Amino acid sequence: MAMELKMTGLTSFMNEDELKYMNPLVQTCNKMLLEKSAQGNDFLGWVNLPVDYDKEEFARIQEAAKKIQKTCDVLVVIGIGGSYLGARAAIEFCLGQMYNSVRPEGIPEVYFLGNNISSGALNDIIKIIGDRDFCINVISKSGRTTEPAIAFRIFKDMCEKKYGKEGAKDRIFATTDKARGALKELANAEGYETFVVPDDVGGRFSVLSAVGLLPIAAAGIDIAEMMRGAAEAREAFTDGTTLDNDCFRYAAIRNILYRKGKGTEILVNYDPALVMFGEWYKQLFAESEGKDLKGIFPVSAAFSTDLHSIGQFIQDGTRNLFETVVWVKEQRSDVTIGHMDGDLDGLNYLEGKTMQFVNSKAYAGTLLAHVDGGAPNVLIEVDKADAYHFGYLCYFFEKACGLSGYLLGVNPFNQPGVESYKKNMFALLGKPGFEEEKKILEARMNG
Ligand code: PA5
């Protein structure tokens, strides 16, 4: 079994009957997803994506990844939100946070840009690249998102100065809408190789499309294995009852806990390699559920690091939260603790034990403590952190998110709220068409 959901940390907060009551509701929501019969039904391409994807494009992605590996020391991936988080989450999940320093020969360093507006961060990447060869994968479905558009303008210029217009053309890969948008037009005009963000797949559900797959493949990860994992999860979580299907059960549990006042979910990991997975999960659930004045607020935490900071709150603070712990059973590599003469640090009782063993006891001990403190714990145990398991886990959370959104009574596939800050920013920047708003907002700011 690739992963398993365990109820150990939930038994004192809900009973099996409550799960049974949820069964018809979850089944209905599953039907809504499979039959595309509810709101957001034009954004359900992700449901069958693990099996129903463009095989010709998949092969082109693998070829482009090889070309990037051959011609570049550094791949700069430009994108934000759904056009960024999945790829970075996958790379760090499979290779660890330090992937750029420990990568094998022939694999480029991969840096993510255009996911903020920090000039300092951008200049740091320029410094890191130095005189080395680089390629760019610019990713934007709409092609008009400010953050990646600014970063791309700067890097396109750098690339053309270094390699000439013709040379740059071979080093820039654009992932965007198949027909429309500023980036698509630019890519056509300049002759870049392009990859498609499917029309019916929203940004936060797009990691298993070209959006995620090109950077992931360029980082040396086996994307066929990733798709295999996702396809097996799709198979496992297509049907079933709430009680025998981990994905349905997770959606039901979240809803039960929400109704009991648990309005915050903390996705917990025990390995820095999963920190970006937590960021991906946050976008997935926040944009899908947080609307119409409802929703579980998704946050993430890295243990044991955060046990020394927010651990206090989780143990003892406001009782409005629950944890979903993703525990990876097998480490990428392990370390055995040695002997110290005199036992000056008092650790000789751990001699011969591995760090993963210590981590597993931290996991078990924390679980019991937090449950005793009144924080329900959903446990998701994953065998390994590799491409297959990333694909599997990713599909698990996507499907659970779709079900959760419908259970909550919202459309999980739109994100009307993300436009508000953009309108104000455009007005304050003086974008043509926003003149009136600019006056109003400046008066408020000065007032
Ligand atoms: O989920 C979403 O739709 C957003 O987070 C987008 O992915 C993000 O804003 C990037 O959009 P685009 O790919 O159009 O540049």
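Order of listing sets the numbers, starting from 1, for every ligand and every atom in it. Since the structure is predicted, the reported quantities are computational estimates derived from the model, not experimental observations.
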Q: Starting at CD of E185, measure out to CG of D177 and round the result to the nearest 0.5 Å.
A: 10.5 Å

Q. Step by step, would you call F58 with Y53 a ring pair (Phe, Tyr, Trp, His ring centres under 6.0 Å)?
A. CA-CA 8 Å; F58 191 84; Y53 59 91; 5.2 Å; yes

Q. Would you call the rings of F397 and F285 parallel, tilted or perpendicular if under 30° counts as parallel and over 60° as perpendicular?
A. perpendicular

So which protein heavy atom does [atom] come closest to, and at what separation?
| atom | result |
| --- | --- |
| atom 8 (C) of ligand 1 | I80 O, 3.5 Å |
| atom 11 (O) of ligand 1 | T145 OG1, 3.5 Å |
| atom 1 (O) of ligand 1 | E287 OE1, 2.6 Å |

**Q.** Backbone of N424 reached by a side-chain donor or acceptor of K438 within 3.5 Å
**A.** no

(Q) Is it true that Y258 and R254 share a donor-acceptor pair across their side chains at a distance under 3.5 Å? (A) no

Q) Under 4.0 Å from any heavy atom of Q415, which atoms of ligand 1 are there? A) 3 (O)

Q: For ligand 1, find out whether one of its N or O atoms is nearer than 3.5 Å to an N or O atom of G82.
A: yes

Q. Got an N/O contact under 3.5 Å between S83 and ligand 1?
A. yes

**Q.** Passing candidate, salt bridge (Lys or Arg N to Asp or Glu O under 4.0 Å) with E160, options R171, K169, K165
**A.** K165

**Q.** Of the listed options Q283, R204, E419, closest to atom 5 (O) of ligand 1 (non-hydrogen atoms)
**A.** Q283

Q. Which of the listed options, S142, G81, G86, holds the heavy atom that is closest to atom 14 (O) of ligand 1?
A. S142

